[in-house]
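Everything on this sheet refers to the single structure shown next.
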Amino acid sequence: MRATALFMPTIKEDPADAEAASHKLMVRGGFVRQFASGIYIMLPLGWRVIQRICEIIREEMNAIGAQELSMPTLHPADVWQATGRYDAIGQEMFRFKDRGGRDMVLAMTHEELFAWLASRELRSYRDLPQTWYQIQLKFRDEPRPKGGVLRVREFLMKDSYTFDIDEAGLEESYVKHIGAYDRIFARCGLEFYRVESDSGFMGGGQAHEYMAPSSAGEDKVAMCGSCGYAANVELARSTARTPTSANATPGDAALREVSTPEQRTIDEVSAFLHIEPSQLIKSLVYIAGEAAVLALVRGDHSLHENKLTRYLKSEVRPAHPEEVKEVTGAEVGFVGPVGLSVRIIADEALRPPGGAPRTYTAGANKEHTHLQGVVIGRDFEPEFADLREAQEGDACPRCGASLTMKQVIEIGNIFKLGSKYSLPLGATVLDEAGQERPIIMGSYGIGPARIAAAAVEQSHDDRGIIWPKSIAPFDVHLIQVQAKDPIQTQVAQGLYDRLAVEGWQVLWDDRDERPGFKFADAELIGCPVRVTVGKKAVDRVVEVEPRAGGAREDVPLEGGADRIRELWEASS
RNA sequence: CGGGGCGUAGCGCAGUUGGCUAGCGCACCUGCUUUGGGAGCAGGGGGUCGCCGGUUCGAGUCCGGCCGCCCCGACCA
C-alpha cells in the first residue's frame with residue numbers, strides 16, 4: 001500500500017495523558033485514538049495489527065476443532081438474572097431500559113448466551129463435545145480505565161466455550177485450549193507465562209491465566225525458576241522466610257504494656273521500640289458481610305484481600321476508622337488481637353512452630369499503647385489461613401526454591417466452569433443411559449488489543465515500536481527518498497510489485513516529505529524490514545535494514561527480494 | 001468510591017497581583033528555496049479560554065456549582 005493512500009496520522013510528541021510506553025507509541029504511530037475514557041478508535045494501522053492477531057487466533061482455534069460464530073452484545077436482563085449474575089456483578093455491567101421498559105444490559109462476557117444457545121440446541125450426548133467461539137465486543141464499565149488500550153470499557157475479545165458430557169471431557173477440552181493458547185501467544189511473538197489463577201466471578205473450578213511480563217501490567221505473579229510453579233499473587237502460596245533476628249524474649253515472657261505515643265505504623269512502632277517489623281503483628285479490622293473480623297499478618301507481610309475473601313467466602317472491605325474504634329475501643333494504629341471478642345484469622349506465617357513459640361508485639365487496643373510478649377495460643381486463639389501476599393524471596397510451596405515476583409499483563413484466561421451456567425439455564429443432554437445430565441462447560445478468553453499492547457511493551461526502543469513480524473501492520477516498509485525522482489519511482493515500483501507478487505505486505509512511503517521525516521515514521525511504526533530506495537537507485541542498488549537493529553546494507557535490486565526475505569525471517 | 005492533578009487553536013504548552021487586539025512551538029494553507037535523519041524564508045487561516053451561574057466598569061484570570069480527562073489507591077476479566 002502506498003503511504004499517500006493510507007491514513008496514518010503520526011505525531012512527533014508524546015500525548016500528554018499517556019503513561020505506558022505502548023500507549024504513547026500506539027498513539028504517536030497512528031495506530032489508535034482515544035474517543036472517550038476507556039473507549040478507543042482503531043485506526044487503519046492499529047486495525048491491521050488486530051486483524052493479524054485475530055487471524056492467528058482463528059487458525060489455532062479452528063485447528064482444535066472450534067467453530068466460529070457471532071453472538072449479540074445486547075441482552076435482555078433475564079438471561080443474566082437466571083444465573084444470578086445480574087445481581088452479583090454490580091456496577092461493572094452497563095445497564096439500561098429499552099423503550100418498553102425492559103431491563104437490558106450490554107454483554108461483558110458471554111457464558112449466559114452460549115449456555116442459553118446450548119440449552120436450546122444440544123439434546124444428546126451424541127451432540128457433544130462442542131467448541132464454539134467468537135471474536136466479539138465486550139462492555140465493562142471499568143471504574144478506572146488506564147494504560148491506553150490495556151484497560152478499557154469496550155473491547156474485542158476472543159471467547160470460546162466448550163460443552164462436554166463430563167469432567168473428563170472438560171479436561172480434554174481444557175488441555176486442547178492450553179495447546180492452542182500456547183501456540184497463539186508464541187506465534188504473536190510474546191514472552192508469556194501460564195499461571196494458576198483465581199476463578200473470581202466466573203465461578204467454577206480450575207483456572208489459569210496467560211500473562212505477559214511488562215512493567216505496565218496490573219497483575220503480579222509469583223514464579224519459581226526451579227520447579228516451574230507459577231501463580232497469580234491473588235492465590236500464590238509460599239512459605240515466608242524465617243526472620244533472621246530470632247527474638248530474644250522467650251515464649252514464657254509475660255505480657256506487658258508499653259507506651260507508644262503517636263506510633264501507629266509498623267515502621268514507626270518498630271523504630272520506636274528498636275525491634276524488627278517481623279516481631280510485630282499487623283492487625284487489620286475488616287468487615288465481612290455484616291460482621292467485623294480481625295485479620296493478622298506478620299509485621300513485614302502484606303495481607304492480600306482476595307485471600308481473605310476466599311477464606312471467608314464473603315466480600316470484605318477494610319473497616320472505617322469509626323468502625324475500628326467501635327470494635328476495638330482504640331483508634332487505627334493501636335489495634336491488636338489480645339482480649340478482642342471478634343473472629344480472628346491469622347496468617348499461616350504466624351502459626352507457632354514446634355518448640356518455643358515466638359513472642360510478638362501488637363497493639364493493645366488502648367490509645368498510644370502496644371503489648372509486648374504476646375504469644376499466639378496463650379494470649380489469644382486465632383484460626384489460621386493463608387492470608388499474606390507472596391513476596392520475592394519466599395519459598396516455593398512445591399519445591400522450596402526461592403520465588404520471584406513479576407509484573408504482568410493478563411492476555412488470556414481459561415476456566416473450568418462445570419455446570420455453573422448450564423444448570424440454571426437448563427443446558428442438559430441425555431446420556432447413553434437416557435439420563436438427563438447438565439452439560440459441563442469451560443470458557444476461554446483472549447484480548448487481541450492486549451496482545452498488541454503487550455507486544456509493544458516488550459519490544460520497542462526510544463525511536464518507536466519493533467513489532468514481532470507475525471503481527472506487524474506491514475512486513476516491509478519501503479521508503480522512496482525522493483518522491484518526485486522518476487528513477488527512484490521506477491525502482492520502487494518494480495520492487496514493490498515484485499514483493500507483492502511474493503505475498504509480502506509492503507508499505508511504500510511515496511509521500512513528498514523530507515527523508516528524515518520518513519525514516520522517523522518508519523522507526524515509529526516499526527515494521528520488521530526497511531528498504532530504502534535513494535540515490536543509489538540509478539545503479540540499481542537499494543538499502544535494507546532490519547528494524548530490530550543490525551547493519552544497513554546495500555543490495556543489488558535483482559537480489560533485493562531475497563535479501564529482504566532473509567532479514568524478515570531472521571526477525572523475531 | 002477516597003486522594004491528587006489538569007482542562008487556553010488539531011497536538012504540546014505559556015499567560016492567573018483582574019485591564020485594552022489571548023500568545024509560543026509543532027501541525028495546517030500559499031509562494032520561493034531546499035531534499036539521506038522530523039528543512040529555511042516570507043505570507044496566511046484557525047480560539048464559545050470545558051460548561052453554567054455569580055462578583056466587577058471590566059473575568060482566561062476571582063467565587064460557587066457541574067462536566068470531562070489523567071495519575072495513585074480501592075475494585076476488576
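Naming: A, B, ... by sequence-line order, numbering from 1 per chain.
Cation-pi geometry between R450(A) and F155(A) is not met at under 6.0 angstrom from the ring centre and within 45 degrees of the axis.
Contacts of E305(A) with the nucleic acid, taken as non-hydrogen atoms under 4.0 Å apart, involve only primed sugar atoms and P, OP1 or OP2. Residue contacts for G534(A): at a heavy-atom cut-off of 4.0 Å it reaches a base atom on one of the strands shown. Residue R153(A) is classed as having no contact, given no heavy-atom separation below 4.0 Å to the nucleic acid. As judged by a 4.0 angstrom heavy-atom cut-off over every strand, F155(A) is placed among the base-contacting residues. Within the 4.0 angstrom heavy-atom criterion, no nucleotide atom of any strand lies near P9(A). Counting any heavy atom pair closer than 4.0 Å across all strands shown, A520(A) reaches a base atom. Counting non-hydrogen atoms under 4.0 angstrom, E13(A) reaches a base of the nucleic acid.
Note: CG (D509(A)) to C1' (G36(B)) measures 13 Å, nearest angstrom. In this structure, OH of Y161(A) is placed 14 Å from P of A77(B), rounded to the nearest angstrom. Between the P atom of G73(B) and the CD atom of E218(A) lies a distance of 10 Å, rounded to the nearest Å. Straight-line distance from the CZ atom of R28(A) to the C1' atom of G10(B): 17 Å, rounded to whole Å.
A donor-acceptor pair shorter than 3.5 Å cannot be found between the side chains of Q458(A) and S214(A). Under the 3.5 Å distance criterion, with hydrogens and angles disregarded, a donor-acceptor pair is assigned to the side chains of T162(A) and Y444(A). Residues S22(A) and E457(A) have side chains that bring a donor and an acceptor to within less than 3.5 angstrom of each other.
Side-chain nitrogen and oxygen atoms of S37(A) include at least one within less than 4.0 Å of the OP1 or OP2 phosphate oxygen of C70(B). For the pair Q34(A) and C70(B), the criterion of a side-chain N or O lying under 4.0 Å from OP1 or OP2 is met. Within the 4.0 Å cut-off from OP1 or OP2 of G38(B), not a single side-chain nitrogen or oxygen of R514(A) is found.
Here G37(B) sits opposite no nucleotide as a Watson-Crick or G-U wobble pair (both hydrogen-bonding atom distances under 3.5 Å). When both pairing distances are held under 3.5 Å, C26(B) makes a Watson-Crick or G-U pair with G10(B).
Counting distance only, with no hydrogens placed and no angle test, the side-chain atoms of E513(A) and the base atoms of A39(B) include no donor-acceptor pair under 3.5 Å. Between the side chain of R144(A) and the base of G2(B), no donor-acceptor pair under 3.5 Å is found. Between the side chain of D521(A) and the base of G38(B), at least one donor-acceptor pair of N or O atoms lies under 3.5 Å. Taking only distance into account, the side chain of E543(A) meets the base of G36(B) through a donor-acceptor pair shorter than 3.5 Å.
In this structure, D347(A) contributes its side chain and R388(A) its backbone to a donor-acceptor pair below 3.5 Å. For Q134(A) (side chain) and M71(A) (main-chain N/O), a donor-acceptor pair under 3.5 Å exists by modelled atom type.
For R552(A), the listed nucleotide lying nearest its side chain is G36(B); candidates were C69(B), G36(B), A77(B). Closest to the I11(A) side chain, of the nucleotides C69(B), C11(B), C26(B), is C11(B).
U48(B) sits 15 Å from G7(B) when the C1' atoms are compared, rounded to a whole Å.
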